[in-house]
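One structure below.
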Amino acid sequence: MRALDVSPTALGTPEEVWLADGRLEALPLLRWTAGVPVVVVAPHPDDETLGAGGLLRAAHRTGSPITIVAVTDGEASHPGSSTSPAELRRRRPVETTEAMHRLGLDDATVVRCGLPDGGVEAHEHQIEHTLRLLLSSETVCLATWRHDGHPDHEAVGRAASAAASACGARLVEIPIWAWHWATPSAGLPLDHARRWPLDDADRAAKARAIRAYRSQIEPLGPGPADRAGLPPAVRARFERPFEVLLEDGRP
Ligand SMILES: [Zn+2]
């Protein structure tokens, strides 16, 4: 995830507001087939864990082979920081490996595309091409929502939609930034949303996996450009006891 404006005045829709509304907890359950191969497309290292870490862990338990398509290495998360993009490009994929370990997904396949963080849109066709090689009518593709409010996330959603449709794969989209800017009554197509409940073990493993992304959890230094991209108020929206996914992300 690139740095949101997470100053104390710009923390987005608080998790308490989402939960108090009650609409999310009343969503129908996501239907799922045991053992189905899963390809999850992450624009930045951490998106796969934030949005679907619990589902990935549960799917893996039923025998699903898991492939992570790491579109960028997340080097643009801290512009102006004393930690360079080159250092972030080195650190963040290592954090993905640790996050997968904490989810029990040591045997997940990671496909690194190495596209420029913040510039994915210009390479949308390349992502679609890569996904066409990985998807089939037997696979489920999880990808960031095509209307998520971040250009990289939206480009991934569009590419995944095109590739899934060409291959006959099922597409399930993952809102990430939408939890920040949307509200329970506006922004998310909740009529297309489905809920995936997390048991205590999956929820705890997901929380541990999120913490593997230390470059996003901890400030990189004392300066304003070093601040954590995933402070507690942002993480809270991804540590709820269920995940919300979109069966058809069109508004
Ligand atoms: Zn992201």
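Atoms within a ligand are numbered from 1 in the order they appear, just like the ligands themselves. Sequential numbering from 1 along the given sequence is applied to the chain's residues. The analysis underlying the following values was restricted to heavy atoms, covering all of them including side chains, and did not include hydrogens, waters or symmetry mates.
Taking a cutoff of 4.0 Å between a charged side-chain nitrogen and a carboxylate oxygen, E121 and R158 qualify as a salt bridge.
As a member of the Ile/Leu/Val/Met/Phe/Trp/Tyr network built from side-chain separations under 4.5 Å, L88 groups with L220.
Of all N, O or S atoms in H44, the one lying closest to the Zn ion (ligand 1) is ND1.
For a distance bound of 2.8 Å, the N, O or S atoms of H153 include one lying that close to the Zn ion (ligand 1). For D47, the nearest N, O or S atom to the Zn ion (ligand 1) falls under 2.8 Å.
Looking at R237 and H180, their side chains do bring a donor and an acceptor atom within 3.5 Å of each other.
Judged by the 6.0 Å distance and 45° axis criteria, R240 is positioned over the aromatic ring of W179.
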